[in-house]
Amino acid sequence: MKIIMLGAPGAGKGTQAKLIADKYGIPHISTGDIFRANIKNGTELGMKAKSFMDKGELVPDGLTVSMLLDRVGQPDCKDGYVLDGFPRTIPQAEELDRALSERDERIDFAVDVDVPDENIVNRMSGRRACLKCGATYHLEHIPPKNEGLCDSCGSGLVLRDDDKAETVLKRLQVYHDQTQPLIEFYTRKGILKTVDGTQDMKDVFAAITGILG
Ligand code: ADP
Ligand code: ADP
Ligand code: ZN
């Protein structure tokens with residue numbers, strides 16, 4: 001099963017993608033996590049990506065698409081995957097489609113986690129991230145068992161640089177301009193499924209598993 005997660009920054013795509021990946025036994029692929037790992041390791045790709053990420057802008061499609069297509073071509077992706085944070089532009093979605101159809105494959109579901117802008121700033125300011133394993137928590141809604149430490153790997157949690165309020169507003173604007181058109185794109189393809197992302201994490205997941213089966 002091949003799934004795309006859509007939604008504003010902070011809507012809960014990553015949180016739900018992890019739950020989906022566990023339940024269905026498929027890899028969770030987050031382009032944001034891959035970029036952050038590259039930044040941490042000081043790669044050339046990481047250095048290029050960082051300048052855009054810090055401003056709340058998208059990394060150019062050229063860099064992003066080749067990285068993602070390389071990842072979904074790995075052997076662990078042969079039975080499917082859940083994409084979190086990709087595609088984020090119409091050209092990215094078209095390139096993905098083209099690459100998949102060359103192999104006679106297609107995306108099965110595009111799940112839109114719908115959360116209004118008013119809730120987003122709270123979601124992001126309370127988000128704490130583990131840069132080692134990609135887990136995310138929320139200070140009020142989804143706290144870690146031990147304050148400041150990742151439940152999964154024990155590393156220290158951080159407020160991402162791009163989760164500071166002024167960058168969040170920029171990212172929301174970028175979302176509306178460049179990513180939201182994908183809702184129409186996948187609606188036309190007949191695979192868009194919308195879930196109410198303002199519910200409790202478990203209820204959002206129940207809605208998603210009701211759709212995926
Ligand atoms: P969020 O948790 O807000 O959805 P991500 O971790 O997915 O954020 O992405 C963080 C940043 O990484 C984005 O603001 C953007 O700069 C960059 N990025 C991630 N995925 C993509 C993509 N598909 N295309 C372009 N830039 C991306
Ligand atoms: P995205 O990947 O879409 O940027 P995340 O999954 O990282 O979003 O979630 C953003 C923040 O909101 C995190 O702090 C996360 O713990 C929290 N969060 C996720 N889902 C919910 C929910 N249903 N209710 C409240 N907070 C949530
Ligand atoms: Zn961790």
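One-based numbering, in listed order, for ligands and for the atoms of each.
Near H141, the atoms of ligand 2 lying under 4.0 angstrom from a non-hydrogen atom of the residue are 25 (C), 26 (N).
The proximity of D200 to ligand 2, defined as any non-hydrogen pair under 4.0 Å, is limited to the backbone. Residue contacts with ligand 2, taken as heavy atom pairs separated by less than 4.0 Å, involve H138 via backbone and side-chain atoms alike.
One distance of note links CG of L96 with CD1 of I4; it measures 5.5 Å at 0.5 Å rounding.
Of all heavy-atom pairs between G12 and R123, the closest is N-NH1, 4.2 Å. Smallest separation of non-hydrogen atoms from L182 and P87: CD1-O, 3.2 Å.
Electrostatic pairing of K189 and D97 counts as a salt bridge here, judged by a charged N lying under 4.0 Å from a carboxylate O. The pair K18-D84 does not meet the salt-bridge criterion, since no charged nitrogen lies less than 4.0 angstrom from a carboxylate oxygen. Using a 4.0 Å cut-off between charged side-chain N and carboxylate O, D112 and K193 make no salt bridge. Ion pair R188/E184 flagged as a salt bridge, since at least one NZ, NE, NH1 or NH2 atom sits closer than 4.0 Å to an Asp/Glu carboxylate oxygen.
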**Derivation and outcome, side chain to side chain contact (heavy atoms under 4.5 Å, CB included), residues Q178 and R88** = CA-CA 7 Å; Q178 301 194 55; R88 260 184 159 97; over 6 Å; no

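Under a hydrophobic clustering in which Ile, Leu, Val, Met, Phe, Trp and Tyr are joined whenever their side-chain heavy atoms come within less than 4.5 Å, directly or via other members, I211 and I20 fall into the same cluster.
Among residues at least two apart or in separate chains, side-chain hydrogen bond (donor to acceptor under 3.5 Å, both in side chains) pairs with a member in residues 47-72 are E44-K48, K50-D54, D61-T89, D61-Q92, R71-D76.
Listed by chain and number, residues touching ligand 1 at under 4.0 Å (heavy atoms only) are P9, K13, T31, G32, F35, R36, M53, E57, L58, V59, T64, G85, F86, R88, Q92, R127, R160, D162, R171.
Take the Zn ion (ligand 3) and draw a sphere of radius 2.8 Å; the protein N/O/S atoms inside it number 4.
Looking at G126 next to ligand 2, no N or O pair under 3.5 Å apart turns up. Of the N or O atoms in Q199, one or more lie within a sub-3.5 Å distance of an N or O in ligand 2.
Between the side chains of H28 and D22, not a single donor N or O lies within less than 3.5 Å of an accepting N or O.
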N/O donor to acceptor pairs below 3.5 angstrom from side-chain atoms of residues 199-210, sequence neighbours left out:
residue	atom	partner	partner atom	Å
Q199	NE2	D196	O	2.8
D200	OD2	K202	N	3.3
T209	OG1	F205	O	3.2
T209	OG1	A206	O	3.1

